[in-house]
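Contents: one structure, followed by commentary.
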Amino acid sequence: AQEMNRYHEELSSQIRYFNRTTHSPIPVIFASENELERIATGSCSNIDGEVPSRAKGFNAKAPEPACGTFESCLFCEYFAIHEDFEDIHKLLSLKEALNITSMIRNDSEHHEAVVKPAIFRIDEILDYVSNNNHGLREVIRQAEDNIEMGNFNQHWGRQIETLLRR
């Protein structure tokens, strides 16, 4: 039984880290109040309009960042987060939208290739920010409570509404 558990943990780790060059958490930029553009997933530090590329630590199997495909922003070197309710709520709303999309699509390949890495990245970002700012743990909890009550960020709330109408 222990051998099976070890095997399962190793396989799970390989799946989680298939798109990375490191097992260490991949950091995000912390945005100060008005210096960055707020986007549907958080914030963007690419104010000069550079071509987006993967953050250091992701390999070619990670989604290629493309402005406008907000889930891919999570993997971009320019992705940033304000340490506030708004950006935390956006991430948790996106996570819910991804879960709902996955249930509706019922496509295990899509789930493994797109949804699972994005959800893992969201969880990693939330862990990273809460470890760097313990005060954010309460903000994360409040945002999670909002999600549980069906109160989503405006952008992702519209997406979720559209998905659930189908």
Side-chain angles (χ1 to χ4, degrees), residues 11-20 25-31 33 36-46 52 54-55 57-58 61-166:
L11 183 63
S12 183
S13 177
Q14 286 174 359
I15 290 168
R16 272 197 306 272
Y17 294 103
F18 81 98
N19 62 1
R20 295 158 179 261
I26 298 172
V28 293
I29 297 165
F30 289 107
E33 201 38 48
L36 306 178
E37 179 185 356
R38 296 253 187 186
I39 56 174
T41 50
S43 298
C44 181
S45 66
N46 188 6
R54 290 179 191 95
F58 290 113
K61 293 178 182 168
E64 182 72 44
C67 299
T69 306
F70 293 115
E71 304 87 287
S72 74
C73 294
L74 300 171
F75 302 91
C76 183
E77 67 177 318
Y78 297 108
F79 179 75
I81 188 161
H82 284 86
E83 296 176 273
D84 62 14
F85 179 85
E86 183 180 346
D87 279 6
I88 299 296
H89 191 230
K90 288 177 189 177
L91 283 173
L92 289 169
S93 296
L94 168 59
K95 184 177 178 179
E96 188 66 18
L98 287 166
N99 280 321
I100 291 169
T101 299
S102 187
M103 284 189 310
I104 290 170
R105 283 185 72 144
N106 196 21
D107 177 347
S108 61
E109 282 182 36
H110 179 263
H111 182 81
E112 290 296 320
V114 177
V115 175
K116 216 171 188 178
I119 288 174
F120 181 75
R121 180 66 176 146
I122 290 167
D123 290 340
E124 176 182 52
I125 291 167
L126 293 172
D127 284 345
Y128 182 80
V129 299
S130 71
N131 287 333
N132 282 286
N133 179 343
H134 295 293
L136 274 182
R137 291 180 180 166
E138 177 61 22
V139 174
I140 292 169
R141 193 190 60 69
Q142 289 171 352
E144 288 170 339
D145 289 349
N146 269 265
I147 299 300
E148 265 184 45
M149 291 185 292
N151 300 324
F152 305 105
N153 159 271
Q154 186 178 359
H155 175 85
W156 297 112
R158 282 193 306 265
Q159 301 287 330
I160 290 168
E161 230 176 79
T162 303
L163 287 167
L164 295 176
R165 270 195 240 132
R166 292 181 176 184

(request) Heavy atoms only: give me the nearest Ala40-Lys90 pair and the separation to one decimal. (result) O-CB, 3.5 Å
(request) Can you establish whether the number of heavy atoms outside Gln154 located under 6.0 Å from its atom CD is more than 12? (result) no
(request) Please name the pair of heavy atoms, one in Ser72 and one in Pro65, separated by the smallest distance, quoted to 0.1 Å. (result) OG-CA, 3.5 Å
(request) Can you measure from CZ (Arg105) to CG (Leu98) and round to the nearest 0.5 angstrom? (result) 11.0 Å
(message) If you compare all heavy atoms of His111 against all heavy atoms of Pro117, which two are closest, and at what distance to 0.1 Å?
(response) O-CD, 4.2 Å
(request) Would you please test Asp87 and Arg38 for side chain to side chain contact (heavy atoms under 4.5 Å, CB included) and show each step? (result) CA-CA 8 Å; Asp87 279 6; Arg38 296 253 187 186; 2.9 Å; yes
(request) Give, for atom CG of Asn99 and atom CG of Leu94, the distance between the pair rounded to the nearest 0.5 Å. (result) 9.5 Å
(message) Can you tell me how far apart CD1 (Ile125) and OG1 (Thr41) are? Round to the nearest 0.5 Å.
(response) 8.0 Å
(request) Give, for atom OG of Ser130 and atom CD of Glu138, the distance between the pair rounded to the nearest 0.5 Å. (result) 12.5 Å
(message) Under a 3.5 Å threshold, yes or no: a donor from one side chain and an acceptor from the other, between Asn131 and Arg137?
(response) yes
(message) What verdict does the salt bridge (charged side-chain N to carboxylate O under 4.0 Å, His left out) test give for Arg141 and Glu144, after you've listed the backbone C-alpha separation in whole Å, the side-chain angles of each residue and the deciding distance to 0.1 Å?
(response) CA-CA 5 Å; Arg141 193 190 60 69; Glu144 288 170 339; over 6 Å; no
(request) Before accepting this row, confirm whether a basic side-chain N of the pair Glu124/Arg121 lies closer than 4.0 Å to the acidic partner's carboxylate O. (result) yes
(message) Minimum heavy-atom separation for Val139 and Asp84, please, with both atom names.
(response) CG1-C, 4.0 Å
(request) Take the angle between the ring planes of Phe70 and His155 and call it parallel below 30°, perpendicular above 60°, tilted in between. (result) perpendicular
(request) Sequence neighbours left out, what passes side-chain contact (heavy atoms from CB on, under 4.5 Å) with Ala143? Give chain and number order. (result) Phe85, Ile88, His89, Leu92
(request) Check whether any side-chain heavy atom of Phe30 lies under 4.5 Å from a side-chain heavy atom of Asn133, and answer yes or no. (result) no
(request) Return yes if some donor-acceptor pair links the side-chain N/O of Ser45 with the main-chain N/O of Tyr78 below 3.5 Å, else return no. (result) yes
(message) Can you tell me how far apart CD (Glu77) and CG (Asn46) are? Round to the nearest 0.5 Å.
(response) 7.5 Å
(request) Determine whether Pro25 and Asp127 make a side-chain contact, defined as any pair of heavy atoms from C-beta on separated by less than 4.5 Å. (result) no
(request) Give, for atom OG of Ser93 and atom CD1 of Ile122, the distance between the pair rounded to the nearest 0.5 Å. (result) 9.5 Å
(request) Return the minimal non-hydrogen interatomic distance between Phe79 and Leu74, and the atom names on each side. (result) CZ-CD2, 4.1 Å
(request) Before giving the answer on side chain to side chain contact (heavy atoms under 4.5 Å, CB included), spell out for Thr69 and Glu64 the whole-Å C-alpha distance, their side-chain angles and the decisive distance to 0.1 Å. (result) CA-CA 10 Å; Thr69 306; Glu64 182 72 44; over 6 Å; no
(message) So Val114 and Thr101, do their side chains get closer than 4.5 Å, heavy atoms only?
(response) no
(request) Decide yes or no for Lys116 and Phe18: does some side-chain heavy atom of the first lie under 4.5 Å from some side-chain heavy atom of the second? (result) no
(request) Return the minimal non-hydrogen interatomic distance between Leu36 and Ser43, and the atom names on each side. (result) CB-CB, 4.4 Å
